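Please read the structure below before turning to the comments.
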Amino acid sequence: PGTEQGASGARATRAPKLTASRIIRTASLTVQVKDVPKALDEARTATEDAGGYVGDETTDRDSGGHERTRVVLRVPVDKYDEVLADLQGAGKLLGRTAKAEDVTDQVVDVDSRVKSQRASVARVRELMDRATKLSDVVELEGELSDREADLEALLAQQASLKDRTRLATITLS
């Protein structure tokens, strides 16, 4: 009981567990508003209420005296659509672009390379512990330094991918 068999008599097997997709979401909005400081405060509030934060911000005035602000907002991906809708409704929407980039393969690759590089660093350290000649120690130190630098670069890439897939980026003008 509990096992199903198909017409061929073979047992049904479970589908392989799929890796969660890693998507980098970005959007750019241009919205015309009557009160730029008020709209900016509302954008900040919507972003912070969603658990995000405000990144770069620039404000200037054009030759006609109109104030223009460009702000980069980082919001958790699960609140991305909600914040985007709030921002679009703040005034007259002049332009919108949105992009979703699947980096799942890249995340899996970097994770695998980090694991391999950590093992490689550990192997060189073991060799250093057993080295008896000064020339061997010096050579292994150089190799260890190179491998640790490669590992640090991979860890930075891994952290960047994690941040970019966890938080969506919305550029609001």
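Not measured: the values here are computed from a predicted model.
Between I23 and A100, the shortest heavy-atom contact is CG2-CB, 3.8 Å. Closest of all the heavy-atom pairs between G52 and P76 is N-CD, 3.8 Å. Closest heavy-atom contact between V33 and G91: CG1-CA, 4.0 Å.
Side-chain contact between I170 and L87 is present, with at least one heavy-atom pair separated by less than 4.5 Å. For the pair V54 and V72, the minimum side-chain heavy-atom distance is 4.5 Å or more. When side chains are defined from C-beta on, T165 does not count as touching V77, because their heavy atoms never get closer than 4.5 Å.
Taking R130 as the reference, nothing meets the salt bridge (Lys or Arg N to Asp or Glu O under 4.0 Å) condition, with sequence neighbours excluded. With sequence neighbours left out, T59 forms a side chain to side chain donor-acceptor pair (under 3.5 Å) with T69. Contacts of S112 classified as side-chain contact (heavy atoms from CB on, under 4.5 Å), with partners at least two apart in sequence or in another chain: none. Residues meeting the side chain to side chain donor-acceptor pair (under 3.5 Å) test with E57, sequence neighbours left out: R44. By the side-chain contact (heavy atoms from CB on, under 4.5 Å) test, D49 pairs with T45, sequence neighbours left out. Here K162 pairs with nothing under the side-chain contact (heavy atoms from CB on, under 4.5 Å) rule; sequence neighbours left out. Residues passing the side-chain contact (heavy atoms from CB on, under 4.5 Å) test with T30 are L94, S173, sequence neighbours excluded.
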Show which side-chain atoms of residues 147-161 pair as donor or acceptor with protein atoms under 3.5 Å away, not counting sequence neighbours.
residue, atom, partner, partner atom, Å
R147, NE, E143, OE2, 2.7
R147, NH1, S120, OG, 2.5
R147, NH2, E143, OE2, 3.1
E148, OE2, R125, NH2, 2.3
Q158, NE2, D111, OD1, 2.7

Show the atom names and distances, to 0.1 Å, of all donor-acceptor pairs under 3.5 Å that link a side chain in residues 133-141 to residues at least two apart or in another chain.
none

Would L167 and Y53 count as a side-chain contact (heavy atoms from CB on, under 4.5 Å) here? Give the steps. CA-CA 10 Å; L167 295 172; Y53 67 91; 3.7 Å; yes
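Judged as a salt bridge (Lys or Arg N to Asp or Glu O under 4.0 Å), the pairs with a partner in residues 82-110 (not counting sequence neighbours) are, in order, D109-R113. Applying the salt bridge (Lys or Arg N to Asp or Glu O under 4.0 Å) test to pairs two or more places apart or on separate chains, those with a residue in residues 61-80 are R61-E67, D62-R68, R74-D163. The list of salt bridge (Lys or Arg N to Asp or Glu O under 4.0 Å) pairs with a residue in residues 164-173, not counting sequence neighbours, is empty.
Separating the OH atom in Y80 from the CG atom in L73 is a distance of 11.5 Å, to the nearest 0.5 Å.
With hydrophobic clusters built from ILVMFWY side chains whose heavy atoms lie under 4.5 angstrom apart, L172 does not share a cluster with I24.
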